[in-house]
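The structure appears below as structure tokens.
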Protein chains: 2
Amino acid sequence: MASRRTQTLEPESQEQAYLQIGEVAERTGVTQRTLRFYEERGLLKPPSRLDGGFRLYSEDDVRRVEQIKRLQSLLGFTLAEIKEMVEADEVKMQIRASYRKDAAISERRAKLLRAQEVTAGQMTVIEQKLAALQDMKANLAEKLGHYDSWLESLAEQERAQRA
Amino acid sequence: MASRRTQTLEPESQEQAYLQIGEVAERTGVTQRTLRFYEERGLLKPPSRLDGGFRLYSEDDVRRVEQIKRLQSLLGFTLAEIKEMVEADEVKMQIRASYRKDAAISERRAKLLRAQEVTAGQMTVIEQKLAALQDMKANLAEKLGHYDSWLESLAEQERAQRA
DNA sequence: CTTAACCTTGACGTACGCGTTAGATTAGGG
DNA sequence: CCCTAATCTAACGCGTACGTCAAGGTTAAG
């Protein structure tokens, strides 16, 4: 029996521990198909590969998958919308990378302003959803209050009946 | 020229003003196809009909459609999930209707408890989403703060350069 | 009674988000 | 070297949530 699964695939020295697709699938709760699909759609950057072609994911990739799942299942964003957010994050990373390096100040400021704009847009979307949710929560709380009082009046009727 | 569209279709005396499918579509922003589809899937109860077969919707129906749209587009529930919620609401209506009528007290209490349970379940779902959203909002706010400080440091560099 | 605007029920088409084989290749313990 | 679990690409399938004709019937103004 050749039960493979080198788990974290030997951190070569003190480098990152890379994960194969099966591990990532297990840890994130999505299928391997889904991971390849996200890659196809540009939600995950093409991971590095083993010589044989096996995908090697980083812990960052795992975190991104978890982020995608949250955005999708909890908040109902489409993959297209999530891709936009992810790309915005990429832009931010690039800005961070090219921070001290080349480039005129005005150019860097332009990029920062752009990133700020994108983030602000995401913020308004989220605030809209927050408002809607708080509205719904209030409605439900009201209903629960009604149920409580109805139940109490029922209990009262029972006591009256027993007397 | 026979330009129809009787709008609210003559409130026969002081009864409800019934709306045809076109009006409802216009007012809710969904297509007629969508309204028929929701009816097929049990999200809208089969509306009353004109003698010729034309659907006649009530204002309540309009409100329900708006509710469905909110649940779907803002919060990402599937139609199946929304159907469950709608059915829970129906149960509540039925309880309301059969309030003073028949039935033993224990039976009514059971129904109330069931409705309460369902509502509480919806509440926890919403609270989870709320928590996730607030988390995201905090993250975004933090990022915006970073951008602000970066921009300020850029401005400072500029001043230093000009001096 | 005519006619334009509105409605009806099919029935097929489509975009999204994966699921599911199928057939081949790779990794690594024995 | 062999064997098997794990992975690869390619391609078709499926459920959801409608869009989009097609072919007709209904309504109400003129």
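Just so it is clear: chains get the letters A, B, ... in the order the sequence lines come, proteins before strands, and each one is counted from 1. Heavy atoms only: backbone and side chains are in, while hydrogens, waters and symmetry mates are out.
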Please check the phosphate of C/dC6 (OP1 and OP2 only) for any side-chain N or O of B/Q20 closer than 4.0 Å.
no
The nucleotide from C/dC7, D/dT7, C/dA27 with an atom nearest the side chain of A/L50 is C/dA27
Presence of salt bridge, A/D148 and A/K143, under 4.0 angstrom
no
5′-ward residue of the pair A/G52/B/G52 relative to DNA chain C:
B/G52
With distance as the sole test, does A/T28 use its side chain to make a donor-acceptor pair with the main-chain N or O of A/V24 at under 3.5 Å?
yes
Rounded to whole Å, how long is the line connecting atom CG of A/L35 with atom P of C/dC18?
10 Å
How large an angle, rounded to 10°, do the end axes of the helix from C/dC1-D/dG30 to C/dG30-D/dC1 enclose when each is built from five base pairs?
10°
Contacts of A/R36 that satisfy salt bridge (charged side-chain N to carboxylate O under 4.0 Å, His left out) - sequence neighbours left out:
none
Results of salt bridge (charged side-chain N to carboxylate O under 4.0 Å, His left out) for A/E90 - residues two or more places apart only:
A/R64
The criterion is side chain to side chain contact (heavy atoms under 4.5 Å, CB included); which residues satisfy it with B/Q128, sequence neighbours excluded?
none
Whole angstrom is fine here: how far is it from CD in B/E39 over to P in C/dC7?
14 Å
All heavy atoms of A/P47 vs all of A/R55, minimum pair found to be CG-CG, 3.4 Å
Parallel, tilted or perpendicular: which fits the ring planes of B/H146 and B/W150, with parallel below 30° and perpendicular above 60°?
parallel
Picking from C/dT9, D/dT9, D/dT26, the nucleotide nearest the side-chain atoms of B/F54 would be D/dT26
Is A/E39 paired with A/K45 through a side-chain N to carboxylate O contact shorter than 4.0 Å?
no
Readout for nucleotides 16-21 of chain D: B = base within 4.0 Å of protein heavy atom, S = sugar-phosphate only, - = neither; 5' to 3' it is -BBBB-
Length of the line joining B/L56:CG and C/dC7:P, which is rounded to integer Å:
10 Å
Sorted by number, residues from residues 82-89 of chain B placing a heavy atom under 4.0 Å from DNA chain D are none
OP1 or OP2 of C/dT9 versus the side-chain N and O atoms of B/R49: is any pair under 4.0 Å?
yes
Does a side-chain N-to-carboxylate-O contact under 4.0 Å join B/R27 and B/E66?
no
So, is A/R55 near the phosphate of D/dC8, with a side-chain N or O under 4.0 Å from OP1 or OP2?
yes
Quick one: do A/L144 and B/V118 end up in the same hydrophobic cluster if we chain Ile, Leu, Val, Met, Phe, Trp and Tyr together by side-chain heavy atoms under 4.5 Å apart?
no
To the nearest Å, how far apart are A/R36 CZ and D/dA11 P?
15 Å
Would you mind reading off the distance between A/E40 atom CD and D/dA11 atom C1', rounded to a whole angstrom?
11 Å
NZ or CZ of A/K83 within 45° of A/F77 ring axis and under 6.0 Å
no
